[in-house]
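Counting convention: from 1, in listed order, for ligands and their atoms alike. All residue numbers refer to positions in the sequence shown, counting from 1.
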Amino acid sequence: MGEVFGLFGHPVGHSMSPLIHNDAFQQLGLTHSYHAFDIAPKNLEKAVEAIRTLNIKGCNVTIPHKVEIMKYLDFIEEEAKQIGAVNTIVNDQGRLIGSNTDGRGYLESLLPSLDRSLSEQDVLIIGAGGAARAIAAVLVKEQVQSITFANRTVEKAEALKVAFDANHRNLAVSSLQEAEQDVPKFSIIINTTSVGMSPKVNERPISLDKVRSNAIVSDLVYNPLETSFLKEARLKGTKIVDGLGMFVNQAALSFQKWTGVEPDRRRMRELVLKQLGGNNVNR
Ligand code: ATR
């Protein structure tokens, strides 16, 4: 009999995780199933207990539970500790192991666009929330040349820098206005904020007027797939990394942890694109 997998979040109604995981199970001839569970914050501990009781083999965790859930698990992998959040749980015979595939998932979406090594990259991360932290943890581990954290609330960017200072000697903080002026310094620019997400599709976190044409510009927003920010970058001739890569790769990495099998990532991407409303957003 197939095993049960799930997503813990609140809300979860619009999640595309069940679609891509169930399709991947089917493609690989597995009889497992993946369900979205809407868990109110007050029920989180009981929900984690239910993983053991019902023998759910693995879970994804999303907003607002990624941080809170850590205290109910039996073991947290090193990278998830650095990120300070868990997005994947593996149930190893009742022992619940938390990990985080967001940062690695992002890195895997970035790597194909690099024409120099990570150690030569000067990175601007816009935003200082959970997504920024996941990406920073991985880029710090990979020892990129430098990372600048820019955020509307500068204190939060400062806190992120402090969290990683011990593991990297070239971290900086700036306001969004300063980052805009400094844009020519950066070889990789990543928007981790929700600015530009539908319906406010005309908004951009900063102007890219001064961007180098050989830079890589990336946006975690994938609805729309080409945000106003990425459109400006494309018109400036930079390489572009859209936000769907991170979503698909984090899912694929979780899938691997649960099944030991690599799903068809291209098919996952196409399914999400179709669900988002089609090819008009694809480049
Ligand atoms: P996530 O977990 O997806 O990273 P989050 O933790 O809520 O989400 O973080 C949201 C990030 O987007 C923050 O950096 C936030 O800036 P503040 O720290 O100043 O709140 C940023 N953000 C959201 N809306 C924004 C806006 N309209 N302009 C600029 N930054 C914005």
Exactly one candidate in T259, T88, N100 meets side-chain hydrogen bond (donor to acceptor under 3.5 Å, both in side chains) with S254; the answer is T88
Taking 4.0 angstrom as the limit, do K46 and E49 come out as a salt bridge?
no
Neighbouring residues of ligand 1, heavy-atom cut-off under 4.0 Å
G127, A128, G129, G130, A131, N151, R152, T153, K156, T193, S194, V195
What residues, two or more places apart in sequence or in another chain, satisfy side chain to side chain donor-acceptor pair (under 3.5 Å) together with T148?
none
Are N249 and R265 close enough, and set up right, to give a side-chain hydrogen bond (donor to acceptor under 3.5 Å, both in side chains), and what steps lead you there?
CA-CA 7 Å; N249 290 334; R265 297 188 193 204; 2.9 Å; yes
Any ring-ring contact (aromatic ring centres under 6.0 Å, His included) pairs touching residues 227-248, not counting sequence neighbours?
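Only Y222-F247 qualify under ring-ring contact (aromatic ring centres under 6.0 Å, His included).
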Just list the side-chain donor-acceptor pairs under 3.5 Å for residues 198-207, sequence neighbours left out, or say none.
| residue | atom | partner | partner atom | Å |
| --- | --- | --- | --- | --- |
| R204 | NH1 | E232 | OE1 | 2.5 |
| R204 | NH1 | E232 | OE2 | 3.2 |
| S207 | OG | D209 | N | 3.1 |

